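Structure record follows, encoded as structure tokens.
For ligands, and for the atoms within them, numbers begin at 1 and follow the listed sequence. Note that this is a predicted model, so its numbers are computed, not measured.
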Amino acid sequence: MLEKETQWNKCLVYFKERIPEQAFQTWFDGIAVSTLTTEEIVLQVPNQFHYEWLESKYRHLIDAAIKEIFEKPLIVNYSVVVSHKNPNEIPPLVQKENVIPPGYQEKTQLNSRYLFDNFIEGKGNQLAKAASYSVAERPGQTPFNPLLIYSITGLGKTHLLQAIGNFCIRRFPSMRIQYLTSEKFMLDFIRAIQENKSTDFANAYRGVDMLLLDDVQFFQKKEQTQEQFFHLFNELYQQGKQIVLTTDRPPNELTGLKDRLISRFQSGLMVDIQPPDLETRIAILMKKAHDDHLELPFEIIEYIASHIKRNVRELEGTMVRLLARSSLYRKDITMDLAREVLEEILGREAFIGVTIDHVIKCISKEWKVSERQLVGKGRKMEIAMARQIAMYLSRELTGASLFNIGLHLGGRDHSTVIHACKTVENKMLKDNELKKRIDRLKKELQPLGGISTY
Ligand code: ADP
Ligand code: MG
């Protein structure tokens, strides 16, 4: 082995011991030394971005390694060598100050606001973030293809999806990345059919290197669109292109989606995002305040974070509303003002937020009867009882009319609903276990937990 390689290998060991494995593989593993003199070392890197990244993040580490291994400092230079695996592909021209290709936002539909850097990590989203990051570092080359991220709304799915794209476009400027919502996919598809251009449509998407498709639950019951997507999926997958999807529930709960599509979704990695814990919520608010150059007393941040529990979007919204209120009325941001704003938000959400559908889902899980049975007319005892509880909870939590509740739950009239509610109330008086169970469901269903007595 040449001396320069032996020496460089020692440097590699030095790096490996000091940085995470992921980072090592990404940034150091493939580097070769093209020149080594007593004064200078020239490192061969695959692209401009790689060089910039090494310079900005790892320069001190590289210098330290060189000093130790070569026993004196060397001048470090770089040569950018594009891989010649595909000689037809013209290497992208990358300017130093502008790593991102011009016009990329329009083409890719990426929003540069969403980055890994400003995504706060906590227990509930750790895995989703780590998986997203792996995929972004080695698109199409991890077992995580497709990667599917699911959670209830407002917990950062879109943020992560976009962060993957934003990361990749900087790292691999020639990569064709496409972010889009499932709704847009469908609308484009419909337009293509109308204009007799469905082949163009298919070809346009077949050409991408990375497909980031948001809110796939939208495909439910849209059979033609599913079909189209199924073929696209297979084609991209076979070419080793990375696919990342999000949904608002686990794939096996996506009713109205073809089984073969669901099984494709399940073939890679599925990760969920859980609502953030208190510390994470505080961290998110602090980061947001910091990024917006706001000084919010910690007491107020903590107050908001401890009341808004299940939705990061709502968390941010509360802060925005608080600021708006303060500047509009020229009031200082005090605890009183925070309380006022919070009560408005929680009061409203706690009542409009829950729908009869939410109740049906929740009861179906808890009492292990299917949703079909709940909305059907069957009179078997367990089903009838579960249905009555669903009626009771719908009346308590949704603000829907008795007529609507009856219509949804077995097509009954309003007097049946009244009777059901009375029956449940009576049972709860006598049966403490049942009461506890129903109270727990009430809490689960109210997305923001209601107003606490502060
Ligand atoms: P979803 O797609 O799951 O409905 P979004 O990705 O739109 O949710 O997130 C809602 C808002 O909350 C966005 O403004 C996003 O930037 C922010 N957000 C969500 N999770 C985090 C997090 N962990 N750190 C920072 N911001 C977050
Ligand atoms: Mg979203």
Side-chain angles (χ1 to χ4, degrees), residues 105 108-136 146-167 178-187 211-220 243-251 253-254 265 270-294 296 301-302 304-324 345 349 353 355 358 447-448:
Q105 278 177 330
T108 61
Q109 292 292 312
L110 289 172
N111 176 342
S112 56
R113 189 167 85 85
Y114 298 117
L115 303 170
F116 286 122
D117 273 351
N118 58 17
F119 187 84
I120 303 283
E121 195 173 317
K123 228 171 49 213
N125 62 30
Q126 218 161 29
L127 203 59
K129 184 177 180 184
S132 302
Y133 197 74
S134 298
V135 159
L147 172 64
L148 185 141
I149 305 170
Y150 65 90
S151 78
I152 55 171
T153 184
L155 294 187
K157 297 183 294 296
T158 299
H159 190 133
L160 280 178
L161 199 60
Q162 291 258 351
I164 294 172
N166 278 314
F167 183 93
Q178 184 69 58
Y179 166 88
L180 81 167
T181 63
S182 302
E183 187 173 10
K184 177 154 183 341
F185 182 89
M186 189 188 80
L187 294 175
L211 183 65
L212 307 167
L213 189 64
D214 213 352
D215 291 318
V216 176
Q217 73 276 1
F218 189 81
F219 284 168
Q220 288 178 109
I243 302 164
V244 190
L245 311 161
T246 74
T247 67
D248 69 351
R249 68 202 77 173
E253 287 175 23
L254 287 167
F265 292 172
M270 296 185 284
V271 281
D272 68 338
I273 305 182
Q274 292 295 328
D277 56 23
L278 179 64
E279 286 75 12
T280 312
R281 298 199 298 273
I282 290 177
I284 290 172
L285 284 178
M286 285 176 62
K287 168 98 177 119
K288 180 117 180 92
H290 177 262
D291 289 352
D292 295 351
H293 309 289
L294 301 169
L296 271 185
I301 289 192
E302 193 185 11
I304 298 175
S306 58
H307 284 74
I308 307 264
K309 296 177 181 151
R310 299 205 35 184
N311 185 323
V312 179
R313 189 179 294 120
E314 198 69 43
L315 201 58
E316 292 181 346
T318 308
M319 199 162 100
V320 170
R321 194 190 269 233
L322 183 61
L323 296 170
I345 290 174
E349 279 295 325
T355 65
H358 291 144
L448 301 168

Checklist entry - At a 4.0 Å threshold, what atoms of ligand 1 neighbour a non-hydrogen atom of Asn125? => result 23 (N)

Checklist entry - What's the shortest distance from atom 19 (C) of ligand 1 to any protein heavy atom, and which residue and atom give it? => result Val312 CG1, 3.3 Å

Checklist entry - Any side-chain heavy atom of Leu160 sitting closer than 4.5 Å to one from Asn125? => result no

Checklist entry - Please state which protein non-hydrogen atom is closest to atom 8 (O) of ligand 1 and give its distance, to 0.1 Å? => result Gly156 N, 3.0 Å

Next on the checklist: Give the atom numbers and elements of ligand 1 that come within less than 4.0 Å of a heavy atom of Arg113.
Outcome noted: 14 (O)

Next on the checklist: I'd like to know whether Leu212 forms a side-chain contact (heavy atoms from CB on, under 4.5 Å) with Leu180, so could you lay out the CA-CA distance, the side-chain angles of the two residues, the decisive distance to 0.1 Å, and finally the verdict.
Outcome noted: CA-CA 6 Å; Leu212 307 167; Leu180 81 167; over 6 Å; no

Next on the checklist: As a quick check of understanding, evaluate side-chain contact (heavy atoms from CB on, under 4.5 Å) for Ile243 and Leu213, giving each step before the final call.
Outcome noted: CA-CA 8 Å; Ile243 302 164; Leu213 189 64; 5.9 Å; no

Checklist entry - Given side chains that start at C-beta, do those of Phe185 and Phe218 come closer than 4.5 Å, heavy atoms only? => result no

Checklist entry - Which residue owns the protein heavy atom closest to atom 21 (C) of ligand 1, what's the atom, and how far is it? => result Phe119 CE1, 3.7 Å

Checklist entry - Looking at atom 7 (O) of ligand 1, what's its closest protein heavy atom, distance included? => result Arg313 NH2, 3.0 Å

Item to check | Atom indices of ligand 1 within 4.0 angstrom of Thr153 heavy atoms, with elements | outcome: 4 (O)

Item to check | Any side-chain heavy-atom pair of Pro275 and Leu155 under 4.5 Å | outcome: yes

Next on the checklist: Using side-chain heavy atoms (C-beta onward) and a distance below 4.5 Å, is Ile345 in contact with Ile308?
Outcome noted: yes

Next on the checklist: Within a 6.0 Å radius of atom CE on Met286, are there more than 12 heavy atoms belonging to other residues, nucleotides or ligands?
Outcome noted: no

Checklist entry - Can you tell me which residue and heavy atom of the protein come closest to atom 25 (C) of ligand 1, and the distance to 0.1 Å? => result Asn118 O, 3.3 Å

Checklist outcome for this item: In terms of its nearest heavy atom to atom 17 (C) of ligand 1, the top option of Glu314, Glu316, Lys129 is Glu316

Checklist outcome for this item: Across all chains, not counting sequence neighbours, the side chain to side chain contact (heavy atoms under 4.5 Å, CB included) partners of Asp248 are Gln217

Next on the checklist: Can you confirm whether Tyr179 sits close enough to Thr108 that some side-chain heavy atom of one is under 4.5 Å from a side-chain heavy atom of the other?
Outcome noted: no

Checklist entry - Out of curiosity, Thr247 OG1 to Met270 CE, how far, rounded to the nearest 0.5 Å? => result 9.5 Å

Item to check | Metal environment of the Mg ion (ligand 2), protein N/O/S under 2.8 Å | outcome: Thr158 OG1

Next on the checklist: What I'd like to find out is whether the side chain of Leu148 reaches to under 4.5 Å of the side chain of Val216, using heavy atoms alone.
Outcome noted: no

Item to check | Heavy atom of the protein closest to atom 15 (C) of ligand 1 (residue, atom name, distance) | outcome: His159 ND1, 3.4 Å

Item to check | Heavy atom of Lys287, distance to ligand 1 below 4.0 Å | outcome: no

Checklist entry - Purely on distance, is any nitrogen or oxygen of Tyr114 under 3.5 Å from one on ligand 1? => result no

Checklist outcome for this item: With heavy atoms and a 4.0 Å threshold, my read on which part of Thr158 contacts ligand 1 is both

Checklist outcome for this item: closest protein heavy atom to atom 23 (N) of ligand 1 is Ile120 O, 2.7 Å

Checklist entry - Got an N/O contact under 3.5 Å between Gly154 and ligand 1? => result yes

Item to check | Side-chain touch Ser132/Phe116, heavy atoms, less than 4.5 angstrom | outcome: yes

Checklist entry - Do Asn118 and His159 touch side chain to side chain, with heavy atoms closer than 4.5 Å? => result yes

